[in-house]
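Beneath this line is the structure, given in structure tokens, with notes to follow.
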Amino acid sequence: MRLLFLAVLRRHTGNAITAQRVRDHLEAAGHVCILKDALDFESPSEISNFIKAESLEAAVALHLYRGGRLLPGHGIPFGIIFGGTDLNEDVKHGEKNIVMGRVLEEARFAVAFTESMKETAQRQWPHAKDKIYVQSQGIATVPNTTFNWNTFLQRSEINQSADNLHVFLLICGLRQVKDPLYLVDAFSEWHQEEPNIYMVIVGPEVDPVFTREVKAKVKRTAGVRLIGEMAQEDLHAVVKNCFAVVNSSVSEGMSAAILEAMDLEVPVLARNIPGNAAVVKHEVTGLLFSDPQEFVRLAKRLGGDPALEKQIVANGREYVRMYHSWQVERNTYGHLVRMLEGSSED
């Protein structure tokens, strides 16, 4: 089949990386898959023209609202993959909720990353309960073996020996839902007690207004640095070298950065929200915090307890191997895409 795959493709964001991985799975199943940015289309008629021009037979969208709303009414079957903000944020807006319900009525299948996401969707749209499948994100990490950690530290203006350094890495696109400033003040206080600890925020500038606020805050805060987006292989190399990966989001679907850290055998400290608690079991596969003070307390504990660190890292790696298999994800999408064969009138 010739497939259209719609997603929001801001470079180096979780959505873009997930979309590229799923596109590869669909192509491995023998289909031609054209990946397009949902933001490039301003109206259903533009999508309709594109479908005709490219002789597309079916479609998949990542994100029920941003991608999915463009697909009904074109006479081709489609499936959707829930993102995170669609189920955590967009459902609270009446009009978006209605639109998403209509999309699900027409979709042949819907994929949720977790059981709790599936339950949320079923509560919102009971009519769709029989077409929602759970497939967690498949994880494969490929750190750049030639990456120079000392050069990265210099670029981050961290002028200390790497030997005695503890770098906490926060990976996120700069937008409010990721809340990158949540820990900044508490972390800076801690840095003043222990100058060898730093927080580095890495990610693309998604929201321009919010990005200015983040840059201004970081500029005047000791112990915190901000680095722009990085290629995936370089980012994995940075993760491998840092002390721990941090997630402070207000809401998450399923954080690939957390799972990649586990795969790379790096400890994870994550804000205690449903999306994070679905993959991080406290004191087993990582540490969960509910406020900035608890984050500092747990981070200090992790730094002073090598046995805890070793246990968390081993459990995290095993968890990713068991529940986030790239091959299982490939098999699932190869199976689901077969539901799109045959016209929507069948």
Side-chain angles (χ1 to χ4, degrees), residues 12-18 21 84 113-114 136-145 147 149 152-153 156 162 165-173 178-180 182-183 187 197-204 225 227 229-249 251-273 275-289 295 298-303 305-306 308-326 329:
H12 304 137
T13 58
N15 264 351
I17 290 157
T18 298
R21 195 178 65 251
F113 295 141
T114 65
S136 57
Q137 296 216 58
I139 294 299
T141 54
V142 279
N144 177 356
T145 52
F147 188 82
W149 177 237
F152 173 79
L153 293 177
S156 308
L165 206 55
H166 279 179
V167 173
F168 290 79
L169 196 66
L170 177 60
I171 303 164
C172 67
K178 299 298 182 184
D179 208 3
Y182 182 62
L183 301 172
F187 198 93
I197 60 127
Y198 283 85
M199 174 180 279
V200 178
I201 303 167
V202 179
R225 300 288 189 267
I227 293 283
E229 61 193 83
M230 299 180 74
Q232 187 74 347
E233 294 81 0
D234 290 348
L235 184 58
H236 289 166
V238 172
V239 170
K240 193 90 182 130
N241 280 284
C242 76
F243 177 70
V245 164
V246 179
N247 180 295
S248 59
S249 297
S251 80
E252 282 285 356
M254 177 176 283
S255 167
I258 286 177
L259 297 170
E260 287 163 358
M262 289 179 179
D263 192 51
L264 291 164
E265 302 183 344
V266 172
V268 170
L269 292 112
R271 192 168 179 172
N272 194 354
I273 55 170
N276 288 344
V279 293
V280 178
K281 191 171 180 190
H282 186 59
E283 297 181 344
V284 179
T285 56
L287 297 171
L288 293 169
F289 59 87
F295 163 77
L298 289 171
K300 285 180 175 177
R301 183 180 155 203
L302 185 66
D305 189 344
L308 175 66
E309 182 189 353
K310 192 176 175 185
Q311 173 194 319
I312 280 174
V313 160
N315 291 340
R317 177 85 165 116
E318 186 58 26
Y319 167 76
V320 169
R321 280 185 173 161
M322 289 207 43
Y323 298 105
H324 295 275
S325 157
W326 178 91
E329 184 185 51

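In this chain, residues are counted from 1 in sequence order. Note that the structure is predicted; figures quoted are calculated from it, not measured.
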Handout entry: From CA spacing to verdict: side-chain contact (heavy atoms from CB on, under 4.5 Å), Glu283, Ile312
Key = CA-CA 7 Å; Glu283 297 181 344; Ile312 280 174; 5.7 Å; no
Handout entry: Residue pair Leu302 / Phe243, side-chain heavy-atom distance below 4.5 Å
Key = yes
Handout entry: Interatomic spacing from CE in Met199 to NE2 in His166 - rounded to 0.5 Å
Key = 14.5 Å
Problem - Side-chain (Thr114) to main-chain (Ala278) donor-acceptor, under 3.5 angstrom - result: no
Practice task
Determine whether Phe187 and Val246 make a side-chain contact, defined as any pair of heavy atoms from C-beta on separated by less than 4.5 Å.
Solution key: no
Practice task
Could you tell me the separation between the NZ atom of Lys240 and the CG atom of Leu264, rounded to the nearest 0.5 Å?
Solution key: 5.5 Å
Practice task
Flag the pair Glu260 / Gln137 as yes when at least one side-chain heavy-atom distance between them is below 4.5 Å, and no otherwise.
Solution key: no
Handout entry: Closest heavy-atom pair and its distance - Cys172, Ile201
Key = SG-CG2, 4.4 Å
Completion exercise
Residues passing the salt bridge (Lys or Arg N to Asp or Glu O under 4.0 Å) test with Glu252, sequence neighbours excluded, are Lys178
Exercise for the section: May I have the step-by-step check of side-chain contact (heavy atoms from CB on, under 4.5 Å) for Leu259 and Tyr319, ending in yes or no? Expected result: CA-CA 9 Å; Leu259 297 170; Tyr319 167 76; 3.9 Å; yes
Completion exercise
Taken to the nearest 0.5 Å, the spacing of Ile139 CD1 from Thr141 OG1 works out to 8.5 Å
Handout entry: Side chains of Leu287 and His282 in contact at under 4.5 Å (non-hydrogen atoms)
Key = yes
Handout entry: Any Val266 side-chain heavy atom under 4.5 Å of Cys242 side chain
Key = yes
Exercise for the section: Would you mind reporting whether Asp179 and Arg271 have side-chain heavy atoms less than 4.5 Å apart? Expected result: yes
Practice task
Could you tell me which non-hydrogen atom of Ala261 sits nearest to which non-hydrogen atom of Val268, and how far apart they are?
Solution key: CB-CG2, 3.7 Å
Practice task
Give me the one residue out of Asn272, Asn247, Leu298, Asn276 that meets side-chain contact (heavy atoms from CB on, under 4.5 Å) with Phe289.
Solution key: Leu298
Completion exercise
Sorted by chain and number, sequence neighbours left out, side-chain contact (heavy atoms from CB on, under 4.5 Å) with Ala162 holds for Trp149, Asn150, Leu153
Exercise for the section: Give the minimum heavy-atom separation between Met262 and Val279, together with the two atoms involved. Expected result: CE-O, 3.5 Å
Exercise for the section: Could you pull out all residues at least two apart from Gln311 that satisfy side-chain contact (heavy atoms from CB on, under 4.5 Å)? Expected result: Asn315
Handout entry: Val245 versus Ala257, closest heavy-atom pair with distance
Key = CG1-O, 4.3 Å
Completion exercise
In terms of heavy-atom contacts, Ala140 and His236 come closest through O-CE1, 4.1 Å
Exercise for the section: Kindly compute the distance separating CG (Leu235) from CG (Asn144), expressed to the nearest 0.5 Å. Expected result: 11.5 Å
Exercise for the section: Find out whether Glu233 and Phe147 are in side-chain contact, i.e. whether some heavy atom of one side chain is under 4.5 Å from a heavy atom of the other. Expected result: no
Problem - Pairwise distance NE2(His324) to CZ(Phe113) - rounded to 0.5 angstrom - result: 11.0 Å
Completion exercise
Between Ala244 and Leu269 the two heavy atoms that sit nearest each other are CB-CD1, 3.7 Å
Problem - Crowding at NZ, Lys281 (>12 non-hydrogen neighbours, <6.0 Å) - result: no
Problem - Whether over 12 other heavy atoms sit under 6.0 Å from Lys310 NZ - result: no
Exercise for the section: Could you check if a side-chain atom of Val200 sits within less than 4.5 angstrom of a side-chain atom of Phe152, using non-hydrogen atoms only? Expected result: yes
